[in-house]
Chemist: 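This structure is in structure tokens; I'll ask about it shortly.
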Amino acid sequence: MSSRPWDVRLRKVTWQAVPARVSVRQRVRLLSLLGLPFAIWYFGWLLNPDRIGTPYLYGVLIVAELFNLTQALGFWWTCAHERVRERRPPTQRVAVDVFIPVYKEPPEIVDLTVAAAVGLRGAEVRVWVLDDGNDDAMRDLAAQHGVGYIRRDEHKGAKAGNINHALTKTDAPFIAVFDSDHVADPDFLEATLGHMDNPKVAFVQTPQYYANAETNRIAAASWAQQALFFGAIARGKDGLDAVFCCGTNVLFRRSAFESVGGFPTNSLTEDFELSIHLHEKGWQSVYVPDVLARGLGPEDTAAYVSQQQRWARGCLSGLPRALRAKLPWKLKAQYVLSGMYFLSGWTVLIYMSFPVIRLLGGGQPIGGINAPEFLLHFAPYYIVALSMAALAGAGSYTFGAFALSAANFWIHVLATIYTVLRKSGSFVVTPKKGAEARQPGAVMPALAAVAVLVAVSVYGLARNTNASTINNVSFAALHVSILMAGCWAALEKPRAAAPGSFEPAEAAA
Amino acid sequence: VQTVTPQEGNSLRALLGRLRGAHEAELFGPRGRLPRRGEADTSRTNARLILAGLIVAGLALRLAVPRGIWLDEAISIHQAHLSLHDMFSNLYYGDRQPPLHDLTLWATVRTLGNSELALRVPSIVAGTLVIPSLYELGRELYDRRTGLIAAAFVAVSPLLIWYSQEVRMYAFVTLFGVLALLTQLRVIRKPSMLNWAAYILATAALLWSHYFGLLLIGVQQAIFIGVLVHRHRSGDNFKPLALGYAYSVAILVMQLIPLIGFAHNQFTSTHAAAGSPSGTYDSLSFYAVLANMAWALWGYQPNATTELLAAMWPLLILLSLLLLGRGSSRQTLILGVATVVPVVLLLVVSAFDRSLFEVRYFLIVVPLLFLLIARLVTGWIRKPTAQLLVTAGVMATLLIGLADQQLNKNNPRLFDFRGAIHKIEADAGPRSLILYEPPDMRYVLEYYAPHTTRRRLDRGVPKRSEGSPVFVFASFQSNPQFFNETNKVVGQLDFFRKRLRAFKTAQTKVWEFR
């Protein structure tokens, strides 16, 4: 089937999409009973004017803390509405166009994707390779598998334009989209098509699983971030009828597509904006939480950065659109919450700056209190908030994921600035193969932050070693540890992937 | 957690494994399984050799006692010198602990004598036995390597060494706490008569050593119930375990009935201890929690050091983040519960009596905490060399803490009564009089200076004809009552007599008047 019989995408799925025992819905609702009073306890204390230390730093802290609170409450609210949909087989034989948009990806990666698409059961499947890279090897590959091949004369609108173009060349009532690296399970359509019996459903989204998470550090951390989204968050969004399309592993209804004129081509996250259009038109969306396709996550830091930059730019530029959208408040709030996530890098920058300012002799945001008083108010809220992430993610969200995200705080900062300045971005396909050399350049902003934190700590300790200095140096050490953990994959020598024994997906099933 | 199925080559072992039941392997993992990621465990011979070395080192560190007897110890020594009947009577009306340690001390005094070392022998032995017991618990839960690392930590643990040298019951509580957990795990794996007997004995010893042993015993009941519910739900045969558990509960209740009456009388007829290290006694705060955590790991440090250690609390945020997504086995869950819950319960109890949140009262969890750290080392770090380096690093910090605890005169737990009394005796004559504060100091004087004339300071200033020289021997001056009484008497003596000198030893003040 594939030129790489040991391809990781054939391995057994190790992620348990839905926790076996207590549902996330119950977990989060129970913990919220603690979390909400603790949040009120902390913010009631923090927002008291008596807490103001250095006024401008206090103001900045409040903004960061309120942002985090909004994110936390949004997360709890979303997860508390978890809905776990069952697979639903088709009730009638229909035709499905399967689109595999490609743009200069290695043919050996696309090979397995196409082969898997051909093997889809449960419908009259018509597979199309949508080649935007004018690659003859891709044409040969399509011919080899006996599938359709579409190449555009004019490459406008990146992936969105590519799919829109293909819509004009095909006519099946349903369209499945898989990124070039996503290997569909044979029963993908058998699990999703039944949901289309409801004529109001525009699309059925499924998880974007990274099969290389066990063989690559960056892919693992990246997947851990994805797992929280495609786990508790996506199921919660489904419970609020607010699932948005993620661009791959998704089944569309052609009439829904046509009702909004296809994918918007003026966005870096065309799927996000398409979903807003569809929901505005009254279409519904469905999320099936089972892994029904396995792809490849970014294998090096540069690829991760490129992916995150695209997502951050796209979602932040989509924020005004979400705010303007004529949607029920729940839906609008869900879109805004998702978009706002890409502002969280600012909070990392803010929290890192506090020990630096303090150690350099500056002020501190909160004044007139001691550590026990702060901890008495902060610790319960922090513990519950962290436990919520751990329990909602059923252990899938890892320190590696957190560190990778924190170390790339600058992406969010830069994306915000570019968005505010309305600087245009370009659609960059996430590389499918890891680099073979170290990539310090990809983490330079984080390394610069580490250098500043270390230097300031040394300076602070040289001045004096009282408890206040030790406390701020400990904060600096906390940030340095997180940043270095997030940068580590870019700094270490890449290891060659070792082919070895594995449990095939089919056998595991 | 990845588990490695035991080899099926040994038919006897396989048969025993089957007899134990698959659910046990599922519940706690195969006994003595390999460490994670398939690296070979430490061999049995090497483990025994290393453990023997650790026991010898641990014993040597426990035998090196740089301090004298302090107040609580002197009370225990006084009780041990009474007749058995009087000792029980004294305990019943004048103390706040069950009698197991006192009984042992009573026998020790009559067999080994009254020297400081002899009096410390029960604690030293119990404290040293914690090392192999924790190794065994680590081996039972995880593997030999984890057990060895945990044993290495407790061998040099400053706090455990401190209480292994104290003529009090805390080393007993630690030892029997570890043994209670160990025997409970064995009972869960194999509910044989022998294992049940060992479990019942260990919990009884724990219970009769200190009332706070109940904190762990309570957690153990929850563990039993959890295991029984789990087996019931999964359709396993839970009846043998349930039957044995019912017997053990019955025996526990039979012990509790007399003990509750005993304790009730003790607590209604006595008051709290005279004093505790600063930071814990005055108020219950996060600082008190952090300070006690720092002490649990690095032993009693001067207040300035403790303050700096507590200021490092942001590193706890790092630890909490590192735990994200790590998952945990049922073993670690049980160990974590047994470590955290007693401390939390004690915190709750401390809301009613703030003096109760003190590290010595949850000393029982300190070895468990070290076992968790050992598991963290073997579970999170892949390379054995790196494991060794991290273990050595942790031990180095413990040894620094130990040196500081044992030698620094600013240790808040150090009361140098021995040094003070030796200086008093050097100047004392046949007409000398020692006024002491607080009143329980009489037991210290009874031990170190049995032939001197002495009197409670709160009985007033001696007449001019009474005693010369007069010594005021005072401690616990952070207690306002004791401070005021001492200040008043010293002032009066200053007025009526000539002050010859005044000197201090650790947390002790002496004034000499003619």
Side-chain angles (χ1 to χ4, degrees), chain A residues 14 16 21 220-221 223-225 227-228 351 354-355 369-380 382-383 385-391 393-403 405-406 461 464-482 484-486, chain B residues 1-2 26 37-38 226 229-230 233-234 279-280 282-294 301-330 332-333 336 340 344 347 350-351 354 357 376 379-382:
Chain A
T14 52
Q16 188 178 12
R21 281 182 284 178
W223 164 244
Q225 293 170 357
L228 190 62
Y351 294 134
F354 288 148
I369 56 134
N370 53 29
E373 190 185 341
F374 172 73
L375 285 172
L376 182 68
H377 293 87
F378 173 71
Y382 169 78
I383 290 168
L386 194 69
S387 306
M388 200 80 87
L391 288 174
S396 56
Y397 191 69
T398 62
F399 173 68
F402 174 80
S405 168
L461 287 171
N464 65 52
T465 52
N466 60 21
S468 170
T469 304
I470 295 291
N471 186 250
N472 281 286
V473 169
S474 300
F475 267 117
L478 165 71
H479 293 304
V480 167
S481 306
I482 294 169
M484 286 309 292
Chain B
V1 175
Q2 181 187 335
E26 193 274 328
R37 305 178 206 275
V229 169
H230 174 81
R233 280 187 183 165
S234 52
T280 60
D282 302 334
S283 62
L284 182 63
S285 67
F286 257 96
Y287 175 71
V289 175
L290 291 171
N292 278 287
M293 280 174 64
Q301 305 298 325
N303 288 343
T305 310
T306 305
E307 203 176 307
L308 293 183
L309 287 172
M312 292 183 187
W313 64 263
L315 298 180
L316 291 176
I317 295 181
L318 182 62
L319 178 66
S320 68
L321 292 170
L322 281 167
L323 289 170
L324 273 176
R326 286 284 171 182
S328 71
S329 60
R330 286 199 171 91
T332 305
L333 181 69
V340 172
V344 173
L347 257 175
S350 305
R354 291 181 171 186
F357 191 75
L376 199 138
W380 289 11
I381 300 170
R382 185 182 297 189

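Letters go in sequence order (proteins before strands), and every chain restarts at 1.
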Chemist: Identify, with sequence neighbours excluded, every residue that meets side chain to side chain donor-acceptor pair (under 3.5 Å) alongside B:Glu307.
Modeler: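 For B:Glu307, no residue satisfies side chain to side chain donor-acceptor pair (under 3.5 Å) once neighbours in sequence are set aside.
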Chemist: Hey, could you give me the CD1/CG distance between A:Ile482 and B:Leu322, rounded to the nearest 0.5 Å?
Modeler: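 Taking CD1 in A:Ile482 and CG in B:Leu322, the distance rounds to 8.5 Å.
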Chemist: Which one of A:Ile383, A:Val473, A:Asn472, A:Asn471 has the most heavy-atom pairs closer than 4.5 Å to chain B?
Modeler: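 Ranked by heavy-atom pairs under 4.5 Å with chain B, first place is A:Asn471.
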Chemist: How far apart are the closest heavy atoms of A:Pro372 and B:Phe286, and which atoms are they?
Modeler: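 Heavy atoms only, the tightest pair is CA-CB, 3.7 Å.
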Chemist: If I measure from the heavy atoms of chain B, does A:Tyr397 come under 4.5 Å with its side chain, its backbone, both, or neither?
Modeler: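 Both parts, backbone and side chain.
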Chemist: A:Asn466 versus chain B, heavy atoms under 4.5 Å apart: side chain, backbone, both or neither?
Modeler: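 Backbone only.
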Chemist: Using non-hydrogen atoms and a 4.5 Å limit, figure out which bit of A:Ala379 sits close to chain B: side chain, backbone, both or neither.
Modeler: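 Interface part for A:Ala379: side chain.
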Chemist: So how far is it from A:Tyr351 OH to B:Ile317 CD1, rounded to the nearest 0.5 Å?
Modeler: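 These two atoms lie 10.5 Å from each other.
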Chemist: Can you give me the closest heavy-atom contact between B:Ala311 and A:Ala467, atom names plus distance?
Modeler: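 What the structure gives for the nearest pair is CB-O, 3.4 Å.
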Chemist: Just jot down the side chain to side chain donor-acceptor pair (under 3.5 Å) partners of B:Ser320, sequence neighbours excluded, or say none.
Modeler: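 Expected list: A:Tyr382.
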Chemist: Nearest 0.5 Å, please: how far is OG in A:Ser396 from CG in B:Leu324?
Modeler: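 Going from the CG atom of B:Leu324 to the OG atom of A:Ser396 covers 10.0 Å.
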Chemist: I need the single residue from B:Leu316, B:Leu290, B:Val289 that forms a side chain to side chain contact (heavy atoms under 4.5 Å, CB included) with A:Leu375. Which is it?
Modeler: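 With A:Leu375 as partner, side chain to side chain contact (heavy atoms under 4.5 Å, CB included) holds for just one option, B:Leu290.
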Chemist: Kindly give the heavy-atom pair with the smallest separation between A:Ala477 and B:Leu315, and that separation in Å.
Modeler: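 Shortest heavy-atom separation between A:Ala477 and B:Leu315 comes out as CB-CD2, 4.2 Å.
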Chemist: Contact part of A:Ser387 toward chain B, heavy-atom cut-off under 4.5 Å: side chain, backbone, both or neither?
Modeler: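 For A:Ser387, neither part sits under 4.5 Å from chain B.
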Chemist: I need the B:Leu321 CG to A:Ser481 OG distance, nearest 0.5 Å.
Modeler: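 If we round to the nearest 0.5 Å, B:Leu321:CG and A:Ser481:OG are 10.0 Å apart.
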Chemist: What class does the angle between the rings of B:Trp313 and A:Phe374 fall in, given that below 30° is parallel, 30 to 60° is tilted and above 60° is perpendicular?
Modeler: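 Ring orientation of B:Trp313 relative to A:Phe374: tilted.
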